[in-house]
Amino acid sequence: MTATIRFAEINDLPRVVEIYNQGVVAGNANADDTPVTVDQRVNWFLDHDNNSFPVYILELDQKIIGWGTLSSYRNGRNGLRTTAEISYYIDYEYHGKGYGKLLISHMITETRRLGIQHLFAIMLDINPVSEAILKQFEFEKWGHLPKIVNLHGKICGQLIYGKNLNVSSAT
């Protein structure tokens with residue numbers, strides 16, 4: 001079985017939402033407390049562009065098993081144009097098999113083409129697996145927002161992990 005990564009198309013959105021909602025139901029992968037709909041995610045999808053902030057699809061034998069994004073941070077603020085948030089979701093059936101690492105590696109490689117010099121990820125502090133994966137890619141802990149998330153009475157915080165890529169200082 002061969003895994004491939006490609007740019008997302010709008011007809012991939014139902015599967016992207018399905019995989020995202022696995023994290024909602026699990027209660028440890030994002031701060032949404034109710035599943036989202038495809039209609040709710042259309043504008044989010046359209047805000048991404050293959051030449052600036054793409055949505056990537058991870059397929060295994062032509063079946064979508066995951067997706068990731070590089071998203072604009074504080075869009076419209078030109079001083080932050082080289083900063084992106086990295087997000088990734090793998091179908092729970094395929095967790096622990098290295099597919100998340102494959103997707104993250106691909107997205108980090110793509111930063112050069114896209115002109116992205118700084119990546120950060122925001123995750124719940126009750127998601128040690130994601131935290132460990134980011135550490136393997138030399139992301140560093142940049143911040144912690146304790147006890148700001150309430151998921152049906154389960155209180156947790158958010159961690160911010162970041163990585164500077166190919167940064168040259170301004171003269």
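Note that the numbering runs from 1 along the sequence shown for the chain. Here the structure is a predicted model, which means the values were calculated and not measured.
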Salt bridge E59-R6, side-chain N to carboxylate O under 4.0 Å: yes
Spell out, as yes or no, whether a donor-acceptor pair under 3.5 Å connects the side chain of K163 to the backbone of F137. yes
CE (M107) and CG (L70) are apart, to the nearest 0.5 Å, by 5.5 Å
Salt bridge (Lys or Arg N to Asp or Glu O under 4.0 Å): which pairs involve residues 18-28, sequence neighbours left out? R15-E18
Restricting to side chain to side chain donor-acceptor pair (under 3.5 Å), what partner residues turn up for S130, sequence neighbours left out? Y88
At what distance, to the nearest 0.5 angstrom, does CD1 of I90 lie from NZ of K101? 12.0 Å
Listed by chain and number, what are the side chain to side chain donor-acceptor pair (under 3.5 Å) partners of D125, not counting sequence neighbours? H144
Give a yes or no answer on whether the side chain of T109 reaches the backbone of S105 with a donor-acceptor pair at less than 3.5 Å. yes
Taking C-beta and beyond as the side chain, do I116 and T83 meet within less than 4.5 Å on heavy atoms? no
Taking ring-ring contact (aromatic ring centres under 6.0 Å, His included) as the cut-off, I'd like each qualifying pair that reaches into residues 95-116, sequence neighbours left out, listed once. Y56-H106, Y92-H95
Once rounded to the nearest 0.5 Å, what's the spacing between atom CG of D12 and atom CD of E9? 5.5 Å
With the side chain counted from C-beta on, respond yes when L103 and I5 share a heavy-atom pair under 4.5 Å apart, and no when they do not. yes
Considering residues at least two apart in sequence or located in another chain, which fulfil the side chain to side chain donor-acceptor pair (under 3.5 Å) criterion with E138? none
Atom pair CG/CZ of D47 and R41 - distance to nearest 0.5 Å: 10.5 Å
Side-chain heavy atoms nearer than 4.5 Å, only ILVMFWY residues, links allowed to pass through others: does that put L114 and L165 together? yes
Nearest-0.5 Å distance that lies between atom NE2 in H48 and atom CG in N43: 12.0 Å
Do the side chain of D49 and the main chain of N51 share a donor and acceptor less than 3.5 angstrom apart? yes
With a 4.5 Å limit on heavy-atom distance, are the side chains of Q136 and I104 in contact? no
Is the shortest side-chain heavy-atom distance between L124 and L159 below 4.5 Å? no
Should I86 and L145 be counted in the same cluster of Ile, Leu, Val, Met, Phe, Trp and Tyr side chains packed under 4.5 Å apart? no
Tell me who clusters with I64, hydrophobic residues only, linked when side chains sit under 4.5 Å apart either directly or through other members. I10, L13, V16, V17, I19, Y20, V24, V36, V38, V42, W44, F45, L46, V55, I57, W67, Y89
Can you measure from NE2 (H118) to CD (E85) and round to the nearest 0.5 angstrom? 15.5 Å
Can you establish whether the number of heavy atoms outside D61 located under 6.0 Å from its atom CG is more than 12? yes
Out of curiosity, does I122 fall in the hydrophobic cluster containing L134 (side-chain heavy atoms, cut-off under 4.5 Å, transitive links)? no
